[in-house]
2 protein chains.
Amino acid sequence: MKDPASPVCRTISTLLSRIGDKWSVLVVTTLGEGPRRFNELRREIPAVSQRMLTLTLRNLERDGLVSRAVTPSIPPRVDYALTPLGESLRCPIAALSDWAIANVAEIHEAQRRFDHEHDQAAAA
Amino acid sequence: MKDPASPVCRTISTLLSRIGDKWSVLVVTTLGEGPRRFNELRREIPAVSQRMLTLTLRNLERDGLVSRAVTPSIPPRVDYALTPLGESLRCPIAALSDWAIANVAEIHEAQRRFDHEHDQAAAA
DNA sequence: CGGGATCCCAATGGATACTG
DNA sequence: CAGTATCCATTGGGATCCCG
């Protein structure tokens, strides 16, 4: 199970990278509230650059988590939404962020203590 | 909630980065089976370099997820173990990897279809 | 045994400009 | 509006050598 060459482990690893990348989770949770157009997502996630939003959406689409519907009008219209697969990921993601929210104080205190006990050079 | 400047979001983001980095989850799940010494971990996770294992353990220790116990003998002995906080993370992590395992086939098929529909240049 | 220090390459990601 | 293309800075991470 821990052999990094096994397909299962590589897929999990890929998924974790996707979860860990800077914007995927934010996009998935936003789309979890309902379909969005490209610039709607940009507005709801102000810090994302248009380049990274595009890349993130492409990756999520490739993994089958997000659907992309193009309406070839002038101006063009593209709607993004979670697929059923993407919907099913919301639950484990929520579990993770719930954990994070529940333990943010403890983590911060651990970091503070760690930084204090070692040299206080790396005071993030 | 989506303001990236908010402390909560920054902490979640940090946690997700930790989850998403290449080795943290593997280390946490391995330590979930019981305490391990440094080189035991290296043996159980063959692909990790000693540098990255050190860094990963330091980060996890700083976040309060892993404890580090030094026995100053010759040769030195260092035991790593999950803290209660680290233990509590095993559940959401398991939820995530269960999801990944359950959906690996569907994800692969989505990727295959995506790569096929677009140019087959990026055949990962 | 359990690291730290250094070097170096590859990937991530931001800013900006251009396009259909 | 919804991207694509290019350039560039930062970071991640492997290899190697050294040390207590």
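Reminder, nothing fancy here: chain letters follow the sequence lines and each chain counts from 1.
- Between Arg43(B) and Thr54(B), it is Arg43(B) whose nearest contact on DNA chain C lies nearer the 5' terminus.
- Distance Arg42(A) CZ to dA2(D) P: 10 Å, rounded to the nearest Å.
- For the pair Asp21(B) (side chain) and Ser24(B) (backbone), a donor-acceptor distance under 3.5 Å is present.
- Across all non-hydrogen atoms, the minimal contact from Leu65(B) to Leu85(B) is CD2-CG, 3.8 Å.
- For the pair Phe38(A) CZ and dG20(C) C1', the computed distance is 15 Å after rounding to whole Å.
- Separating the CZ atom of Arg36(A) from the C1' atom of dC1(D) is a distance of 17 Å, rounded to the nearest angstrom.
- Residues Val28(B) and Leu82(B) approach most closely at O-CD1, 3.8 Å, considering heavy atoms.
- Side-chain N/O atoms of Arg68(A) and Tyr80(A) include a donor and acceptor closer than 3.5 Å.
- In plain terms, the two heavy atoms of Phe114(A) and Arg62(B) that are nearest each other are CD2-CG, 3.4 Å.
- Rounded to whole Å, the distance from CG on Asn59(A) to P on dA11(C) is 14 Å.
- Atom pair Glu61(A):CD and dA2(D):P shows a separation of 15 Å (rounding to whole Å applied).
- Side chain of Thr83(B) to backbone of Ser67(B): no donor-acceptor contact under 3.5 angstrom is found.
- End-to-end axis angle of the helix from dC1(C)-dG20(D) to dG20(C)-dC1(D), from C1' rotation axes over five pairs per end: 40° (rounded to 10 degrees).
- One interatomic measurement links the two molecules: CZ of Arg77(A) to P of dA2(D), which rounds to 8 Å at whole-angstrom precision.
- Close to dG3(D), at under 4.0 Å from its OP1 or OP2, lies a side-chain N or O of Tyr80(A).
- Leu53(A) has its CG atom 10 Å from the C1' atom of dA2(D), to the nearest Å.
- Residues forming a side chain to side chain contact (heavy atoms under 4.5 Å, CB included) with Arg113(B) (at least two apart in sequence, or on another chain): Glu109(B), Ala110(B), Glu117(B).
- Taking 4.0 angstrom as the limit, Arg58(A) places a side-chain polar atom (N or O) nearer than this to OP1 or OP2 of dT4(D).
- With hydrogens and angles ignored, the 3.5 Å screen pairs a side-chain donor or acceptor of Thr56(B) with a backbone N or O of Met52(B).
- A donor-acceptor pair under 3.5 Å is absent between the side-chain atoms of Trp99(A) and the main chain of Pro92(B), judged by distance alone.
- Between Ile74(B) atom CD1 and dC1(C) atom P the separation is 13 Å, expressed in whole Å.
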Could you list the protein-to-nucleotides 12-18 of chain C atom pairs, N/O on both sides, closer than 3.5 Å?
from: dG13(C); atom 1: OP1; to: Lys22(A); atom 2: N; distance (Å): 3.4
from: dG13(C); atom 1: N7; to: Arg51(A); atom 2: NH2; distance (Å): 2.8
from: dG14(C); atom 1: OP1; to: Lys22(A); atom 2: NZ; distance (Å): 2.8
from: dG14(C); atom 1: OP2; to: Trp23(A); atom 2: NE1; distance (Å): 3.4
from: dG14(C); atom 1: N7; to: Arg51(A); atom 2: NE; distance (Å): 3.4
from: dG14(C); atom 1: O6; to: Arg51(A); atom 2: NE; distance (Å): 3.2
from: dA17(C); atom 1: N6; to: Gln50(A); atom 2: NE2; distance (Å): 2.8

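- The phosphate of dC1(C) has neither OP1 nor OP2 within less than 4.0 Å of any side-chain N or O from Arg37(B).
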